[in-house]
Amino acid sequence: MDELNGWRRTHYSIDLTPNCDGAEVIVFGWVASIREQGGITFLILQDREGILQITIRKDEVSPSIIKKVKGLREHSIVAVKGRVRSIEKAPHGAEVIPKEIKILALAQKNPPFKLFSKTQPSLDKRLDLRAVDLRRPVNRAIFKIRHHTLAAIREFFLKEGYWEVNTSKIIATATEGGAALFPILYYDKEGFLAQSPQLYKEQLTMAFEKVFEIGPVFRAEPSRTLRHLAEITSVDMEEAYVNYEDVMMTLSKLTQYVIQALQTRCENELKLLNVKLETPKLPLKRYTYSEILEILNKEGEYVKWGEDLPTPALKILGEKLPEFYFITNWPTSSKPFYIKPCDDNPEICEAFDFMYGSIEIASGGTRVNSKRLLIKKLKEQGLKPQLFEYHLKLFDYGMPPHAGFGLGLERLMMVLTKRENIREVTIFPRDRLRLTP
Ligand code: AMO
């Protein structure tokens, strides 16, 4: 096997255009395909950004290069030093005539799926060999869009004056209802993987006022569905001196900002996925929980007031409301203990869900900032206030009114890339049946 020996990339595949005609370059990548036609070998080299044609003609290259490429199999890793030639028929109008080739890793096996084929084996088969599966152009497009989505989210929050924070993912008590926690052995005690940074981000409004966090959260979901994972990336924000109305506006502007960023930064990737992203107009539509029940009732789907929206109801919303919208005025009993009930009607609360069609992307609300009420609500939900002492005691030291939201990044990615299965937009998904790779 060859060594790098000081070779460093000068260009990515897509940087080589007719303008580079005559330039000496070094390119790296994996072999997407190799074929011989009329005595010429065409080696299609692929890198993160796209593909590049390496053209090997007997009368143009040394015999050692011809010998080297003979033993190459798809997926092998090669480095090519050569000269660019503009040629209309090649991808992006340029090919490389090699002066020297290094084989950096020789592939030993063919994967059980083709990089460019339209038909693919089951997702599970592909996930078993995920890092190779990610070489497929569709996946590079999905995860490039994810990368730019995350970058845009960060940019937005920094521009709006939020501080980025990281809170511990090892916690002592549940925040989002007891059932979905993963217990861990923490030295000689029981601990849990965090379901959400909820109480920590609330606490940070005391000193930092406006914070956001992007990090993993863990939920021991009992069933395997197309939109639930055991580990997700949560985008959380929390802010002092605002309520759920302000937070809904922030979330709307964030969504608009991300979509506009993707329209310019990921044009080719969106095209490859056949996705047309329209910039949503603000303010986004809002429906109260009761209005949603009415819509469902008209469609023959009866949901009792106070209950969460079941899967068939969400399916109907997917057909009736194929756009971004909010559901507000939720029954207080259906939301977590930290959500503030409305002053004029405590049966409903200042919470919202942020939806696209049938997919819940985020939820949030105004928080309870009275210690007495928080203790009452903990008890009503069957939780022990003693377990939350570390949080409750802070209310004796001046807790500002605050509000925030938590957004599931993978759910947002499902919407932005129009994928049905959350695993398609997750690099290494975790669910009840999958702990590797
Ligand atoms: P919630 O529990 O609604 O709220 O979670 C916030 C968002 O996270 C996503 N999500 C999931 N995505 C995939 N798989 C899962 N198992 C999963 N669970 C949740 C959803 C959901 O809208 N602390 C509150 C947020 C807040 O009020 O600030 C919370 O965690 O997109």
Side-chain angles (χ1 to χ4, degrees), residues 149 153 162 165 167 169 171 173-182 193-205 210-239 242-244 246-248 250-251 254-255 308-309 311 314 324-328 330 332 334-340 349-369 377 381 391 402-416 419-426 429-432 434:
T149 301
I153 289 173
Y162 293 81
V165 297
T167 61
K169 300 303 154 210
I171 56 164
T173 44
T175 56
E176 312 294 330
L181 278 167
F182 282 111
L193 296 179
Q195 290 168 312
S196 132
Q198 184 62 37
L199 301 184
Y200 293 132
K201 64 176 178 167
E202 288 194 47
Q203 295 181 9
L204 293 179
T205 64
K210 293 170 75 164
V211 295
F212 76 100
E213 172 164 8
I214 302 174
V217 299
F218 305 89
R219 300 188 178 200
E221 299 290 350
S223 49
R224 204 168 186 242
T225 80
L226 292 181
R227 50 186 67 172
H228 288 89
L229 289 177
E231 178 180 4
I232 61 164
T233 305
S234 184
V235 176
D236 279 271
M237 67 75 84
E238 201 68 28
E239 182 168 349
V242 297
N243 70 8
Y244 75 126
D246 304 274
V247 167
M248 279 194 283
T250 303
L251 181 48
L254 170 68
T255 306
D308 240 336
L309 304 177
T311 310
L314 291 172
F324 290 105
Y325 62 98
F326 288 103
I327 306 179
T328 60
W330 284 84
T332 304
S334 71
K335 287 288 175 186
F337 62 89
Y338 49 77
I339 294 284
K340 181 178 180 285
C349 60
E350 296 194 5
F352 62 83
D353 276 7
F354 178 50
M355 309 283 297
Y356 185 97
S358 62
I359 299 183
E360 180 201 318
I361 302 172
S363 68
T366 314
R367 318 306 187 180
V368 173
N369 77 324
K377 293 199 72 208
Q381 298 207 354
H391 182 62
H402 58 281
F405 69 74
L407 175 148
L409 181 70
E410 292 77 11
R411 296 272 182 94
L412 178 63
M413 293 313 301
M414 287 174 76
V415 171
L416 296 176
R419 302 291 114 173
E420 295 284 322
N421 191 331
I422 194 164
R423 290 159 191 79
E424 295 278 12
V425 296
T426 309
R430 289 285 177 270
D431 61 36
R432 210 164 53 82
R434 186 172 283 282

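Both backbone and side-chain heavy atoms feed into the values below; hydrogens, waters and symmetry mates do not. We count ligands from 1, going down the list as the structure has it; atoms in each ligand are counted the same way.
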For ligand 1, which atoms sit closer than 4.0 Å to a heavy atom of [X]?
{"X": "I422", "answer": "13 (C)"}
{"X": "S363", "answer": "1 (P), 3 (O), 4 (O), 22 (O), 25 (C), 26 (C), 27 (O), 28 (O)"}
{"X": "F405", "answer": "26 (C), 28 (O)"}
{"X": "E221", "answer": "15 (C), 16 (N)"}

For [X], state whether at least one heavy atom is located under 4.0 Å from any atom of ligand 1.
{"X": "E410", "value": "no"}
{"X": "R227", "value": "yes"}
{"X": "G364", "value": "yes"}

Candidate with minimal heavy-atom separation from atom 15 (C) of ligand 1, of T426, D431, L229: L229
The option among R219, K201, Q198 carrying the non-hydrogen atom nearest to atom 30 (O) of ligand 1 is R219
Tell me which part of [X] gets within contact of ligand 1: side chain, backbone, both or neither, using heavy atoms under 4.0 Å.
{"X": "F354", "result": "neither"}
{"X": "R367", "result": "side chain"}
{"X": "E360", "result": "both"}
{"X": "R411", "result": "side chain"}
{"X": "I361", "result": "backbone"}
{"X": "A362", "result": "backbone"}

Top protein contact for [atom], by heavy-atom distance:
{"atom": "atom 6 (C) of ligand 1", "answer": "G406 O, 3.5 Å"}
{"atom": "atom 11 (C) of ligand 1", "answer": "I232 CD1, 3.5 Å"}
{"atom": "atom 29 (C) of ligand 1", "answer": "E176 OE1, 3.6 Å"}
{"atom": "atom 24 (C) of ligand 1", "answer": "Y338 OH, 3.2 Å"}

When the ring planes of Y356 and F324 are compared, do they come out parallel, tilted or perpendicular, using 30° and 60° as the limits? perpendicular
Apply the test side chain to side chain donor-acceptor pair (under 3.5 Å) to residues S358 and R227: give CA-CA distance (whole Å), side-chain angles for both, the deciding distance (0.1 Å), then the verdict. CA-CA 11 Å; S358 62; R227 50 186 67 172; 3.3 Å; yes
Would you mind reporting whether H228 and D431 have side-chain heavy atoms less than 4.5 Å apart? no
Start with the C-alpha distance between E238 and K201, add both sets of side-chain angles, then the distance that settles salt bridge (charged side-chain N to carboxylate O under 4.0 Å, His left out), and finish with yes or no. CA-CA 6 Å; E238 201 68 28; K201 64 176 178 167; 3.5 Å; yes
If you measure from [atom1] on [X] to [atom2] on [Y], what distance do you get to the nearest 0.5 Å?
{"X": "L199", "Y": "T167", "atom1": "CG", "atom2": "OG1", "answer": "10.0 Å"}
{"X": "E360", "Y": "R411", "atom1": "CD", "atom2": "CZ", "answer": "6.0 Å"}
{"X": "L251", "Y": "F352", "atom1": "CG", "atom2": "CZ", "answer": "5.5 Å"}

Minimal non-hydrogen separation, I171 against Y200, with atom names: CG2-CE1, 3.8 Å
For E410 and T233, does a side-chain donor sit closer than 3.5 Å to a side-chain acceptor? yes
Compute the centroid of each ring, for F182 and then for F218, and state whether the two points are separated by less than 6.0 Å. no
Only one of L254, V235, L407 forms a side chain to side chain contact (heavy atoms under 4.5 Å, CB included) with L412, so which one is it? L407
Are any of the N/O atoms on Q195, whether in the backbone or the side chain, positioned under 3.5 angstrom from an N/O atom of ligand 1? no
Please step through salt bridge (charged side-chain N to carboxylate O under 4.0 Å, His left out) for the pair K340 and E202, ending with a clear verdict. CA-CA 13 Å; K340 181 178 180 285; E202 288 194 47; over 6 Å; no
